[in-house]
Amino acid sequence: MTVLGASLHSLQQDFASWLVTADEAAAMRLGRADGLAIYQNNYRVSLMTSLEAGFEQVHSWLGDEAFARAAAHFIDAYPPHGWTLDAYGADFATTLASLYPQDPEVADLARIDWAVGQAFVAGNADPAGADVLTEVDWDVARIALVPSMLMVEVGSNADKIWLALAGEGEVPAPCALPERATLFVWRQGFESVMRRAEPVEVRIAECSRDGFTFAQCCEDLARDMGEEAAVEQAGGVLGQWIAEGLVAGLS
Amino acid sequence: MTSSLSGFGLGMRREHYAAYVDGSAKVDFIEVISENFMVEGGRPLDTLFKARSNYPLALHGVSLSVGSADGVRSDYLERLRQLVDLMEPAVVSDHLCWTRIGNFNSHDLLPLPMTEEALQVVCANIGRAQDALGRAMLFENPSSYIAFPGAMTEWEFLAEMVSRTGCRLLLDVNNIHVSATNHGFDPIAYLDGVPWRAVGQVHLAGHSVGQTMLIDTHDQPVPECVWQLYAAALRRAGDLPTMIERDDNIPDLAELIGELDTARELHAETLAFEAAA
């Protein structure tokens, strides 16, 4: 044992090195105790379990063996930083994209799993009803989206695969999309929901998130489609969003 | 609902949420893992709100990391404080361990050397946490698989920690058994060294037998050796709120309630015997 003279900080850095990289020199300084292997096993099992829970449909799609290999690769490359395991896996899609460059649906499924998980515990907000449209000053009104609303960009039909794996029909064959698509993921009540968004919706959502008023969003659209079509389309989108519980208010 | 803990409780696990939400579970209090509810919103917080309207609540954390040589994280303390303010628990607890150093978080309860340096670090971190929360916390003795050379025993460390910080203790009887077996110390000597007036809660759990050591897995019923040690603890402490932890291989709630009834009976028999003696 050499730890008697070592500071607590050094001991903890050695312990971390052992857990992350099985650093033999660190193990020597920690006294090469049998228990080190137990701690390393606990460390890796808890991260693996966390990834299995957080990326359920990626797990289903890849199967146990391939998922375990991908997760082990990720655990080696990305030691956890956050105080909650819920934060672990934010970069898993990046790892999957590098492991499966010919199968874009794998990383896309991870992006969807992650967004669904984030939406599940996002802040609460009562969705606005249609009455929110009365007495609105349209010159200054801004769309406030519900806090759970996330946008996920995909290059494959991973959304269809995800929904099928979650129990909504037959699982389709994977295919790349001719153009990348954006998914809206949000929470209705306590359940996370998802659908593919139209380009005009994405533009209005990004414009609103950037702090622009509804009128300014319409002006932005009008540059491409003319004022009349822009107002008509933006109005339609706003009505649909209210019906779907995507709008927290018009401020 | 804020009240002190008493009686016999269970860790509230997802499989049994419905019985805690509707109040039908026959327990005197519930305990949850704090970090599972340190979220912005959604179903988890709603479930806890409903359950804590039926039962006194204990918040039990795993990520405070009072043993970290570089201190406790402000963002963690702030989020914990928000949850405490929201839920008004009867007790807030964590572990005597470290989980994080620098930007690395192990998500495991890692062992500390029982040294004066570690004691000073732990006491400074506990002081900061208790100041942030505005209340005394309970700290649990961990299971361990390594015993670093140190200047004192774990029970001496705990007693000094209580004396310096005013914190309280959550005594995990299974952890005493696991560590005593793994490191070859006498669990009764441990109990004799515990500052009982500071103990606010007891944990019971099961463990697994590994190749060379016992592993604190919480996936088995409470074994006989732990029941016996629990009785020995009661003889020293008298009445203590007691909880059974089960985190894996989770059975029906009725089975856990049955196990809790064993604790109730043992508690009653032991205290009656002590009163008569």
Side-chain angles (χ1 to χ4, degrees), chain A residues 1-20 27 30-47 49-50 53 78-88 117-125 146-148 187 189-192, chain B residues 34-47 61-65 67-70 72-73 75-76 79-80 98-113 115 117-118 120-122 143-151 182-183 210-213 215-217 248:
Chain A
M1 289 281 187
T2 57
V3 293
L4 268 178
S7 73
L8 183 63
H9 196 274
S10 299
L11 181 149
Q12 292 177 340
Q13 285 183 319
D14 278 340
F15 215 116
S17 294
W18 164 254
L19 293 178
V20 175
L30 292 167
R32 273 198 166 283
D34 289 347
L36 281 176
I38 295 173
Y39 284 109
Q40 192 179 67
N41 183 63
N42 286 351
Y43 166 72
R44 294 188 73 87
V45 167
S46 73
L47 297 183
T49 304
S50 166
Y78 291 90
H81 301 307
W83 51 259
T84 169
L85 273 172
D86 286 350
Y88 192 61
Q118 297 295 301
F120 184 70
V121 292
N124 298 328
V146 291
S148 64
R187 205 173 66 228
F190 292 131
E191 302 300 329
S192 296
Chain B
S34 308
E35 288 78 4
N36 291 348
F37 299 90
M38 289 161 66
V39 295
E40 298 290 331
R43 191 189 297 278
L45 281 179
D46 181 72
T47 299
V62 293
S63 293
L64 177 57
S65 196
S68 284
D70 55 0
V72 289
R73 281 176 63 152
D75 61 336
Y76 177 88
R79 289 299 293 268
L80 178 59
W98 66 283
T99 60
R100 180 198 57 75
I101 188 69
N103 201 26
F104 170 71
N105 200 320
S106 70
H107 298 286
D108 194 12
L109 309 176
L110 302 175
L112 285 163
T115 60
E117 181 201 16
Q120 287 179 15
V121 164
V122 165
S143 285
S144 65
Y145 315 108
I146 290 179
F148 296 117
N182 290 345
H183 307 312
Q211 285 185 325
T212 58
M213 293 189 183
I215 315 289
D216 181 32
T217 46
D248 208 351

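Note on naming: letters A, B, ... go to the chains in the order of the sequence lines (proteins, then strands), and numbering restarts at 1 for each one.
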>> Taking the side chain as everything from C-beta on, heavy atoms only, tell me whether B:Phe104 gets closer than 4.5 Å to A:Leu19.
In response: yes
>> Could you report the tightest heavy-atom contact between B:Ser106 and A:Tyr43, atom names first, then the distance?
In response: O-CD1, 3.4 Å
>> Ignoring hydrogens, what is the shortest heavy-atom contact between B:His107 and A:Ser46? Give both atom names and the distance.
In response: O-OG, 4.0 Å
> Looking only at heavy atoms, which two atoms of A:Val121 and B:Pro44 are closest? And how far apart?
Replying inline: CG1-CG, 3.9 Å
>> I want to check something: taking the side chain as every heavy atom from C-beta on, are B:Trp98 and A:Leu8 in contact at a cut-off of under 4.5 Å?
In response: no
>> Between A:Trp83 and B:Arg100, does the side-chain contact (heavy atoms from CB on, under 4.5 Å) criterion hold? Intermediate values first, please.
In response: CA-CA 8 Å; A:Trp83 51 259; B:Arg100 180 198 57 75; over 6 Å; no
> Among A:Gln12, A:Arg187, A:His81, which has the most heavy-atom pairs under 4.5 Å with chain B?
Replying inline: A:Gln12
>> Less than 4.5 Å apart, side chain to side chain, heavy atoms only: is that true for B:Ser144 and A:Tyr39?
In response: yes
> Is chain A contacted by the side chain of B:Arg43, its backbone, both, or neither, given a heavy-atom distance below 4.5 Å?
Replying inline: both
>> Under a 4.5 Å cutoff for heavy-atom pairs, which residue among B:Thr99, B:Asp108, B:Asn103 has the most contacts with chain A?
In response: B:Asn103
> So which of B:Asn182, B:Thr212, B:Asn105, B:Ile101 has the biggest tally of heavy-atom pairs under 4.5 Å with chain A?
Replying inline: B:Asn105
>> Would you say that A:Thr84 contacts B:Met38 through its side chain, given a criterion of any heavy-atom pair below 4.5 Å between the two side chains?
In response: no
>> Restricting to non-hydrogen atoms, name the atom on B:Glu40 and the atom on A:Gly123 that form the minimum distance, rounded to 0.1 Å.
In response: CB-N, 3.3 Å
> Can you say whether A:Leu85 sits under 4.5 Å from chain B via the side chain, the backbone, both, or neither, judging by heavy atoms?
Replying inline: both
> If you count heavy-atom pairs under 4.5 Å between each of B:Asp46, B:Val121, B:Val62, B:Ile215 and chain A, which one has the most?
Replying inline: B:Asp46
>> Heavy-atom pairs under 4.5 Å with chain B - which of A:Gly189, A:Ala16, A:Ala119 has more of them than the others?
In response: A:Ala16
> Hey, are the side chains of B:Ile146 and A:Phe15 touching, using non-hydrogen atoms and a 4.5 Å cut-off?
Replying inline: yes
